[in-house]
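Letters go in sequence order (proteins before strands), and every chain restarts at 1. Computed from a prediction, not measured in an experiment: that's the story for all the values here. Just so it is clear, the values below take in all heavy atoms, side chains as well, and ignore hydrogens, waters and symmetry mates.
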2 protein chains.
Amino acid sequence: MPRKHILGDLQLAIMRVLWARGEASAGDVHAALHAERGLAPTTIATMLRKMEEKGLVGHRADGRLFLYRARVAEAKVRHSMVGELVQRVFLGDSAALVNHLLREGEIAPEELARLKRLIEARQKDGQGRDGR
Amino acid sequence: MPRKHILGDLQLAIMRVLWARGEASAGDVHAALHAERGLAPTTIATMLRKMEEKGLVGHRADGRLFLYRARVAEAKVRHSMVGELVQRVFLGDSAALVNHLLREGEIAPEELARLKRLIEARQKDGQGRDGR
DNA sequence: GCGGTAGTACGACCATGGTAGTCGAAATTC
DNA sequence: GAATTTCGACTACCATGGTCGTACTACCGC
């Protein structure tokens with residue numbers, strides 16, 4: 001079973017670096033994140049180790065350096081986390097979430113147009129498919 | 001600042017009971033939730049106490065009974081939690097989340113049609129408004 | 001009056017995310 | 001070859017959510 005890919009904030013930030021870079025050492029990640037959060041290097045290293053325990057990342061040694069790599073795809077994590085929220089807050093009703101987002105008015109007009117086109121596309125070609 | 005209305009699973013479940021009922025005793029909540037989770041009554045009572053500390057619920061005494069009431073609106077909680085997710089996972093881009101949901105194919109065809117109408121409505125009347 | 005019951009209060013414990021200090025070993029520098 | 005820096009390992013701490021057990025209390029039926 002695909003375990004729960006529910007990540008915390010820092011974990012997400014780390015994964016983003018890994019997804020963008022492909023491979024990165026703890027130091028690289030720290031450097032990338034230092035500007036926005038100013039954490040101690042050890043914090044990043046510890047988090048990476050914990051994440052490795054959970055299978056979120058893997059590493060290989062390059063000399064003394066550990067190069068970490070993401071072991072779960074960004075799409076997977078997104079899917080899990082969105083699914084979790086939909087379950088918790090909207091009792092599994094994805095459409096209700098879309099509804100909420102639309103009504104909140106946080107979507108720019110141009111985006112609305114894009115989304116509308118996306119819906120139309122899905123209505124057209126989506127007859128027998130189910131998107132997975 | 002409106003504190004963080006980020007609730008856990010049990011907290012959500014409890015809030016749902018309160019939102020639906022208006023007022024409820026710890027026992028009522030326990031009864032309502034017992035079927036789906038089978039928790040000890042004290043668990044509910046403790047959770048309610050903790051939630052009161054955080055201002056999520058309030059209570060008044062009716063004899064020796066405590067009648068709890070939600071002190072934050074469902075919409076508020078939804079907003080906070082969705083906002084949190086959008087921030088964490090989609091870096092604040094709500095449209096990206098809608099996009100994700102649409103592509104995941106978890107939305108039924110009838111829903112797609114409804115959402116499309118909603119988008120059209122927002123495009124039309126949404127010129128100066130901003131949804132709040 | 002007395003025991004059972006219902007209901008709250010309090011404290012304990014576990015997991016997880018986040019944060020960091022310290023330690024030891026290896027690499028680099030003098 | 002010794003001193004310094006570098007970097008991972010380990011340990012510890014704190015907060016929060018979740019889960020209860022136990023203790024206290026007030027009321028009810030007999």
Side-chain angles (χ1 to χ4, degrees), chain A residues 3-17 23-34 36-69 72 77 80-81 84-85 87-89, chain B residues 3-17 23-34 36-69 72 77 80-81 84-85 87-89:
Chain A
R3 293 96 163 174
K4 300 231 175 128
H5 297 311
I6 307 296
L7 314 197
D9 216 48
L10 176 57
Q11 302 187 349
L12 260 273
I14 291 175
M15 289 306 276
R16 264 196 291 273
V17 175
E23 262 186 344
S25 69
D28 293 340
V29 176
H30 176 248
L33 261 35
H34 185 254
E36 61 180 75
R37 357 191 124 210
L39 291 174
T42 53
T43 301
I44 305 293
T46 300
M47 205 62 224
L48 278 166
R49 212 162 26 84
K50 286 187 179 177
M51 287 164 76
E52 180 154 33
E53 270 166 33
K54 293 201 302 178
L56 290 171
V57 304
H59 82 272
R60 68 183 182 85
D62 175 23
R64 0 255 79 272
L65 216 55
F66 277 21
L67 291 184
Y68 287 90
R69 194 155 41 94
V72 293
V77 171
S80 292
M81 296 194 63
E84 171 84 358
L85 181 88
Q87 210 54 43
R88 269 153 109 105
V89 182
Chain B
R3 295 94 162 175
K4 300 232 174 128
H5 297 310
I6 306 296
L7 314 196
D9 217 47
L10 176 56
Q11 303 186 344
L12 257 287
I14 289 174
M15 288 306 275
R16 264 195 291 274
V17 175
E23 262 187 344
S25 70
D28 292 340
V29 177
H30 176 248
L33 261 35
H34 186 253
E36 61 180 75
R37 357 190 124 208
L39 291 175
T42 53
T43 301
I44 305 293
T46 300
M47 205 62 224
L48 278 167
R49 216 161 22 87
K50 287 187 179 178
M51 287 164 76
E52 181 153 33
E53 270 165 35
K54 292 201 302 176
L56 290 171
V57 304
H59 82 273
R60 68 183 180 87
D62 175 25
R64 57 234 102 276
L65 212 56
F66 277 20
L67 290 184
Y68 286 90
R69 195 161 37 96
V72 292
V77 172
S80 293
M81 296 194 63
E84 171 85 358
L85 181 87
Q87 210 54 46
R88 269 153 110 105
V89 182

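Nearer to the 5' terminus of DNA chain C, by closest-nucleotide assignment, is the contact made by A:Leu7 (compared with the other of A:Leu7 and A:Gly38).
Formation of a donor-acceptor pair under 3.5 Å by the B:Gln11 side chain with backbone atoms of B:Gly8 is found in this model.
Using a 4.5 Å heavy-atom threshold, the side chains of A:His59 and A:Glu23 count as separate. A:Leu10 is listed as a side-chain neighbour of A:Thr43, based on a closest heavy-atom distance under 4.5 Å. The closest side-chain heavy-atom distance from B:Leu33 to B:Leu39 is not below 4.5 Å.
Put simply, A:Lys50 has no side-chain N or O that comes within less than 4.0 Å of OP1 or OP2 on C:dT19. Contact check, A:Arg64 against C:dA27: a side-chain N or O comes under 4.0 Å of OP1 or OP2. For D:dG21, neither phosphate oxygen OP1 nor OP2 lies less than 4.0 angstrom from any side-chain nitrogen or oxygen of B:Thr42.
Across all strands, A:Leu39 comes closer than 4.0 Å only to sugar-phosphate atoms, never to a base (heavy-atom distances). As judged by a 4.0 angstrom heavy-atom cut-off over every strand, A:Ala45 is placed among residues making no nucleic acid contact. Across all strands, B:Thr46 comes closer than 4.0 Å to base atoms (heavy-atom distances).
For the pair A:Leu67 CG and D:dG8 C1', the computed distance is 13 Å after rounding to whole Å. As rounded to whole Å, 12 Å separates atom C1' of C:dG18 from atom CE of A:Met51. In this structure, B:Phe66 places its CZ atom 7 Å from P of C:dT8, rounding to the nearest Å. Going from atom CE of B:Met47 over to atom P of C:dC10 covers 16 Å, rounded to whole Å. We find that NZ of A:Lys54 is positioned 12 Å from C1' of C:dG18, with the value rounded to whole Å. Taking atom CD of residue B:Glu84 and atom P of nucleotide D:dG17, one finds them 12 Å apart after rounding to whole Å. In this structure, A:Leu65 places its CG atom 8 Å from C1' of D:dC7, rounding to the nearest Å. Atom-to-atom, CZ of B:Arg49 to P of C:dG11 comes out at 9 Å; the value is rounded to the nearest Å.
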Query raised in the report: Yes or no on side chain to side chain contact (heavy atoms under 4.5 Å, CB included) for A:Asp28 and A:Val17, after CA distance, side-chain angles and deciding distance?
Result: CA-CA 9 Å; A:Asp28 293 340; A:Val17 175; 5.8 Å; no
